[in-house]
Enquirer: 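First the structure, then my questions, so here it is.
In listed order, ligands and their atoms are each counted from 1. Only a predicted model underlies this, so the values are computations on that prediction, with no experimental measurement involved.
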Amino acid sequence: MTPVIALHGGAGTILRHKMTPELEGEYHAALRACLQAGLDVLRANGSALDAVTASVMALEDDPLFNAGRGAVFTTDATHEMDAAVMEGASRRAGAISGICGPRHPVLAARAVMERTEHVLLSGEGARHFVKGAGLEMMPADWFGTEARRKALRAEMERRERGEADDGDPARKHGTVGAVALDAQGHLAAATSTGGMTAKMPGRVGDSPIIGAGTWADDETVAISATGHGEYFIRWAVGHEIDARMRWAGQDLQTAAGGVVEELGRIGGSGGLVAVDRLGNICLPFNSPGMYRAWCGRDGQIRTSIFAD
Ligand code: ASP
């Protein structure tokens, strides 16, 4: 099996008319470097799970993306991060929600999968577990960036003025995630996010919800989503795509593209990255763009931001 990998840096892309060539170049370079981190694992015969973990760790460390360092703020100007991992061979999964502390929330999710009998830990208990697991912890102010602070201020002021949302996805959205198929034919997915700017404290998005923002089953598909989490939860996006492939015999493009298009029609902006058991890759989104990178069976790394 030729290994393949795809990742996203969120559907919260800067609108094209606000993007500068320099910043666009920075995004492409970052996407490529983060994909390479996972690809190196796969090419050294590593597992899909290790590959998606490596790519998501790289994305979490890059403040351009809304996960780990660079996470968005809640209305209380705090960070509450969500993350999940899932492996397709066994449907083992681990997730963490509403946490601020671990430098790499994806490692916290993986520790839940590998070291507890649970799937999802949240809040104080999660933090306590993560500290005990010996993961690297960072102070809260390490995660915040000026750009995210500005986005929070702008969003809070908009709400105070009672103005309608201007639809700029960069202000609100973002998440990172990766999906991979390894040489042994195993699939895995990982997702990590700060959530949505100015979310209510306590709000949980789709990323740590297995079957919504994160999904992997070796018989069908691995998925990592980004976008308006409430819609992705209500549509059980990951599992819905799996079901259309498994029970309705749809191919990846029809199943994943169809679900994302339907979400777009009802206001659920966003997208996802998906790879199926044969190594086909699909990167649908209904938003103006989605930061993404992939390396398919041809071995070429590609990066893209907007619809073209
Ligand atoms: N899906 C994430 C959430 O709802 C945010 C995003 O991807 O924009 O928490």
Enquirer: Could you tell me whether R277 and E219 have a side-chain N and a carboxylate O separated by less than 4.0 Å?
Expert: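 Salt bridge absent between R277 and E219.
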Enquirer: In ligand 1, which numbered atoms sit nearer than 4.0 Å to a non-hydrogen atom of T226?
Expert: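 Here the atoms of ligand 1 in question are 6 (C), 7 (O), 8 (O).
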Enquirer: Parallel, tilted or perpendicular for Y291 and F65, by the 30°/60° rule?
Expert: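 Y291 vs F65 ring planes: perpendicular.
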Enquirer: Hey, which atoms in ligand 1 end up nearer than 4.0 Å to a heavy atom of G195?
Expert: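 By the 4.0 Å cutoff, the relevant atoms are 5 (C), 9 (O).
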Enquirer: Which residue and non-hydrogen atom of the protein lie closest to atom 7 (O) of ligand 1, and at what distance in Å?
Expert: T175 OG1, 2.6 Å
Enquirer: Treating E80 as the side-chain partner and G202 as the backbone partner, does any N or O pair qualify as donor plus acceptor under 3.5 Å?
Expert: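 Such a contact is found between E80 side chain and G202 backbone.
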Enquirer: Would you say V204 and D82 make side-chain contact, with heavy atoms under 4.5 Å?
Expert: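 Counting from C-beta outward, V204 and D82 do come under 4.5 Å.
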Enquirer: With heavy atoms of D206 as the reference, note each atom of ligand 1 found under 4.0 Å away.
Expert: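 Numbered from 1, ligand 1 contributes 1 (N), 2 (C), 3 (C), 4 (O).
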Enquirer: Below 4.0 angstrom, N of the basic side chain to O of the carboxylate: do E155 and R158 qualify?
Expert: yes
Enquirer: Within ligand 1, which atoms have a heavy atom of G205 less than 4.0 Å away?
Expert: 9 (O)
Enquirer: Nearest to atom 1 (N) of ligand 1 by heavy atom, G227, G229, G270, S269: which?
Expert: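 It is G227 whose heavy atom sits nearest to atom 1 (N) of ligand 1.
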Enquirer: Going by heavy atoms, is G174 under 4.0 Å from ligand 1?
Expert: yes
Enquirer: Side chain, backbone, both or neither: which applies to R203 and ligand 1 if a contact is any heavy-atom pair less than 4.0 Å apart?
Expert: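 It is the side chain that touches ligand 1; the backbone stays farther off.
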Enquirer: Let me confirm one number: the CD1-CH2 distance from I266 to W235, rounded to the nearest 0.5 Å.
Expert: 3.5 Å
